[in-house]
Trainee: 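Have a look at the structure that comes next, please.
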Amino acid sequence: MNIKNSKLERALLMLVYLLTFLVVAYVSVNLFVQATDNSSVDSAYKAEMRENYGNYLPRLPDSLTFCGERVPLEDFDVREALDAEIIKVMYWHSQMFLYLKRANRYFPTIREILAQNNIHEDFLYLCVAESGMDHVVSPAKAVGFWQLLESTGKENGLEINSEVDERYNVEKATKVACKYFHQAYRKFGNWTLAAASYNCGQAGMQKLVDRQGVDSYYDLRNYTETGRYIYRILALKLVMQNPDAYGFVYKENDLYPEIKTRTIEVDTTINDLYTFAKDVSVNYKMLKLLNPWLRDTKLTNKSGKVYKIKVVDQSERRQAYSR
């Protein structure tokens, strides 16, 4: 009787093991199939990443222009300077991916303002070279996307004080930059020198031109940073216009989407921006994020100036990536 019971117990135990194995196998297969189905959209992307991942030297283009002005790539010094900047841009992966993401959000607005002011869209990449499309502050206290000094901003009509700094207003700062580019073009006669002067100042550029007796950026012995400046802009242009060719692979929905905002016009003092945010059905964080030119927790307005404040609906905040 004991022998029979022992055999029966062993048989039941084997049956339990078998059933457990079958259940685990079934669940595992289903999870694998589900994961495979969920990732089918990304399969081509992953394959392309595997295919393109690696270190390699970039190929320079046969020809290149900045604002329609020819870059003399046949000159070895020009070619090697551009080559160096492309390599640096290519292999600073973290920053380059952020530039590509931000460009999807900000380039449409900046491009439109450049076009309205008859400025070539190649100046988009000058903006990237200056700030990476981030509201940074330089050691010289230059501010915002276009890295404007306080004196430059005020000379061009921007309001700059403890409560408001319109250098952080992308639209207004871009218009100031456009004005500068036209002034510099009238002074130097070509867009390349005009762009380079944005780095060292018009007076500094004029001093170089006068001393060396040349009128081409590519023939100047420049200040160190200015000597790299145009080549960095050109490198950014090449990579950002054709990222796949330089090893940057991504999906379109990886990029930062444009945010649909609405504008509230205010011509009176706002004593408390925290309360104001609640009154217009947004939170303070979103108010400051969309209006970085608001530098304090209040907005004093004795003159009755009309301020345009951007706000975003909660539905847009949550659905920006679903379009």
Trainee: Working to the nearest 0.5 angstrom, can you tell me the gap between I119 CD1 and R111 CZ?
Mentor: 15.0 Å
Trainee: Using atom types as modelled and distance alone, determine if a side-chain donor or acceptor of E121 lies under 3.5 Å from a backbone N or O of A115.
Mentor: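 Not a single qualifying donor-acceptor pair exists.
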Trainee: Between E163 and K298 (salt bridge meaning N to carboxylate O under 4.0 Å), is one present in this structure?
Mentor: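 So E163 pairs with K298 through a salt bridge.
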Trainee: What do the steps show when you test Y250 against L100 for side chain to side chain contact (heavy atoms under 4.5 Å, CB included), and what is the final call?
Mentor: CA-CA 10 Å; Y250 55 86; L100 291 165; 3.9 Å; yes
Trainee: Using a strict 4.0 Å threshold on nitrogen-to-oxygen distance, state whether K310 and E171 make a salt bridge.
Mentor: yes
Trainee: Answer yes or no: does atom CD of E225 have more than 12 heavy-atom neighbours from other residues, nucleotides or ligands under 6.0 Å?
Mentor: no
Trainee: Hey, quick one: are V282 and L290 part of the same hydrophobic cluster, counting side-chain heavy atoms closer than 4.5 Å, chains of contacts allowed?
Mentor: no
Trainee: Has R167 got a side-chain atom pairing as donor or acceptor with G144's backbone, closer than 3.5 angstrom?
Mentor: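 Answer holds: no.
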Trainee: In terms of heavy-atom contacts, does CG of D75 have more than 12 from other residues, nucleotides or ligands at under 6.0 Å?
Mentor: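 More than 12 heavy atoms, drawn from other residues, nucleotides or ligands, come within 6.0 Å of this atom.
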Trainee: Step by step, work out the side chain to side chain contact (heavy atoms under 4.5 Å, CB included) result for V176 and L158.
Mentor: CA-CA 8 Å; V176 171; L158 296 185; 3.8 Å; yes
Trainee: Going from NE2 on H135 to CG on D165, what distance comes out if it is rounded to the nearest 0.5 angstrom?
Mentor: 10.5 Å
Trainee: Without hydrogens or angle criteria, can the side chains of E159 and Y307 be said to hold a donor-acceptor pair below 3.5 Å?
Mentor: yes
Trainee: Minimum heavy-atom separation for L289 and P292, please, with both atom names.
Mentor: O-CD, 3.7 Å
Trainee: Does any non-hydrogen side-chain atom of Y125 lie less than 4.5 Å from one of M240?
Mentor: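 A side-chain contact under 4.5 Å exists here.
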Trainee: Which heavy-atom pair separates I110 from C127 by the least distance, and what is that distance?
Mentor: CD1-SG, 4.2 Å
Trainee: Side-chain contact, heavy-atom cut-off 4.5 Å: L64 with L73?
Mentor: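 Answer yes - side chains close enough.
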Trainee: For residues I87 and W92, determine if any side-chain heavy atom of one lies less than 4.5 Å from a side-chain heavy atom of the other.
Mentor: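 I87 does not reach W92 side chain to side chain.
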Trainee: Any side-chain heavy-atom pair from Y99 and V89 closer than 4.5 angstrom?
Mentor: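 Side-chain contact under 4.5 Å: no.
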Trainee: Quick check for you: to the nearest 0.5 Å, what is the distance between L208 atom CG and D219 atom CG?
Mentor: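 L208 atom CG to D219 atom CG measures 13.0 Å (nearest 0.5 Å).
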Trainee: Please report the interatomic distance OH(Y231) to CZ(F66), rounded to the nearest 0.5 Å.
Mentor: 12.5 Å
Trainee: Where the side chain of N291 meets the backbone of L287, is there a donor-acceptor pair that is under 3.5 Å apart?
Mentor: yes
Trainee: Tell me whether K88 at atom NZ has more than 12 heavy atoms from other residues, nucleotides or ligands lying less than 6.0 Å away.
Mentor: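 Enclosed: over 12 neighbouring heavy atoms sit under 6.0 Å from NZ of K88.
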Trainee: Are any side-chain N or O atoms of S216 and backbone N or O atoms of Y218, one a donor and one an acceptor, separated by less than 3.5 Å?
Mentor: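 Yes, because the side chain of S216 sits within donor-acceptor range (under 3.5 Å) of the backbone of Y218.
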Trainee: Would you find a donor on one side and an acceptor on the other, under 3.5 Å apart, between the side chain of H182 and the backbone of N117?
Mentor: yes
Trainee: Give a yes or no answer on whether the side chain of Q212 reaches the backbone of R221 with a donor-acceptor pair at less than 3.5 Å.
Mentor: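 Answer holds: yes.
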Trainee: I want to check something: taking the side chain as every heavy atom from C-beta on, are P257 and R105 in contact at a cut-off of under 4.5 Å?
Mentor: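 SC-SC contact between P257 and R105 confirmed.
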Trainee: Using distance alone, with no hydrogens and no angle criterion, decide if S197 and Y180 have a side-chain donor and acceptor under 3.5 Å apart.
Mentor: yes
Trainee: Please give me the minimum heavy-atom distance between I233 and A129, naming the atom from each residue.
Mentor: CG1-CB, 3.9 Å
Trainee: Can you confirm whether more than 12 heavy atoms, excluding those of K101, are under 6.0 Å from its NZ atom?
Mentor: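 Counting neighbours around NZ of K101, more than 12 heavy atoms of other residues, nucleotides or ligands fall under 6.0 Å, so yes.
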Trainee: Salt-bridged, E316 to K260, with N to O below 4.0 Å?
Mentor: no
Trainee: Which atom names give the shortest non-hydrogen contact between C178 and I113, and what distance separates them?
Mentor: SG-O, 4.3 Å
Trainee: Quick check for you: to the nearest 0.5 Å, what is the distance between Y168 atom OH and K288 atom NZ?
Mentor: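 So the gap between those two atoms works out to 10.5 Å.
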Trainee: Taking the side chain as C-beta and beyond, is there a heavy-atom pair between Y223 and K207 under 4.5 Å?
Mentor: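 Yes; the side chains approach each other to less than 4.5 Å.
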Trainee: Which word best sums up how the rings of F181 and Y198 line up, parallel for under 30°, tilted for 30 to 60°, or perpendicular for over 60°?
Mentor: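 Answer is tilted, since the angle falls between 30° and 60°.
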Trainee: Is the shortest side-chain heavy-atom distance between E258 and P108 below 4.5 Å?
Mentor: yes
Trainee: Do side-chain atoms of D272 reach the backbone of Y274 as a donor and acceptor pair under 3.5 angstrom?
Mentor: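 Pair found, side chain donor or acceptor close to backbone of Y274.
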Trainee: For the backbone of G304 and the side chain of N301, can you confirm whether one donor and one acceptor N or O come within less than 3.5 Å of each other?
Mentor: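 Yes, because the side chain of N301 sits within donor-acceptor range (under 3.5 Å) of the backbone of G304.
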Trainee: Same cluster for V136 and V143 if Ile/Leu/Val/Met/Phe/Trp/Tyr side chains link at under 4.5 Å?
Mentor: no
Trainee: Quick one: are T275 and K278 in side-chain contact, heavy atoms under 4.5 Å?
Mentor: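 Side chain of T275 against side chain of K278, heavy atoms only: no contact under 4.5 Å found.
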Trainee: Does the N104 side chain pair with the main chain of L255, one donor and one acceptor, at a distance under 3.5 Å?
Mentor: no
Trainee: Where does the angle between the aromatic ring planes of Y106 and F145 fall among parallel (under 30°), tilted (30 to 60°) and perpendicular (over 60°)?
Mentor: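 Plane angle over 60°, so perpendicular.
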Trainee: Mind checking whether V78 and Y217 sit in one hydrophobic cluster, side chains of I, L, V, M, F, W, Y counted as touching below 4.5 Å?
Mentor: yes
Trainee: Which value, rounded to the nearest 0.5 Å, describes the distance between K179 atom NZ and T152 atom OG1?
Mentor: 11.0 Å
Trainee: Do we see a donor-acceptor contact under 3.5 Å between the side chains of T226 and N199?
Mentor: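 Note: T226 and N199 side chains meet the donor-acceptor criterion.
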Trainee: Between the side chains of Y229 and E130, does any donor sit under 3.5 Å from an acceptor?
Mentor: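 A pair is found: one side chain offers a donor N or O, the other an acceptor, under 3.5 Å apart.
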Trainee: Give the minimum heavy-atom separation between I230 and T192, together with the two atoms involved.
Mentor: CD1-O, 3.7 Å
Trainee: F97 and Y246: same hydrophobic cluster, using ILVMFWY side-chain contacts below 4.5 Å?
Mentor: yes
Trainee: Are E150 and K141 within salt-bridge range, i.e. N to O under 4.0 Å?
Mentor: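 A salt bridge is absent here (no side-chain N lies under 4.0 Å from a carboxylate O).
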Trainee: Between F107 and V128, is a side chain to side chain contact (heavy atoms under 4.5 Å, CB included) present by the stated rule, with each step listed?
Mentor: CA-CA 10 Å; F107 268 14; V128 180; 3.8 Å; yes
Trainee: Please determine if D313 and R262 form a salt bridge, counting it only when a charged side-chain N lies under 4.0 Å from a carboxylate O.
Mentor: yes
Trainee: Keeping E166 on the side-chain end and A173 on the backbone end, is there a donor-acceptor pair under 3.5 Å?
Mentor: no
Trainee: For side chain to side chain contact (heavy atoms under 4.5 Å, CB included), just list the numbers for L299 and F276, CA-CA rounded to whole Å, side-chain angles, deciding distance to a tenth of an Å, and then say yes or no.
Mentor: CA-CA 10 Å; L299 177 62; F276 174 81; over 6 Å; no
Trainee: I need the minimum non-hydrogen distance between A235 and L82, along with the two atoms involved.
Mentor: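 Result for this residue pair: N-CD1, 4.1 Å.
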Trainee: Between K237 and E85, does at least one N-O distance fall below 4.0 Å, as a salt bridge requires?
Mentor: no
Trainee: Side chains of Q147 and S131: do they bring a donor and an acceptor to under 3.5 Å?
Mentor: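 No, no side-chain donor-acceptor pair sits under 3.5 Å.
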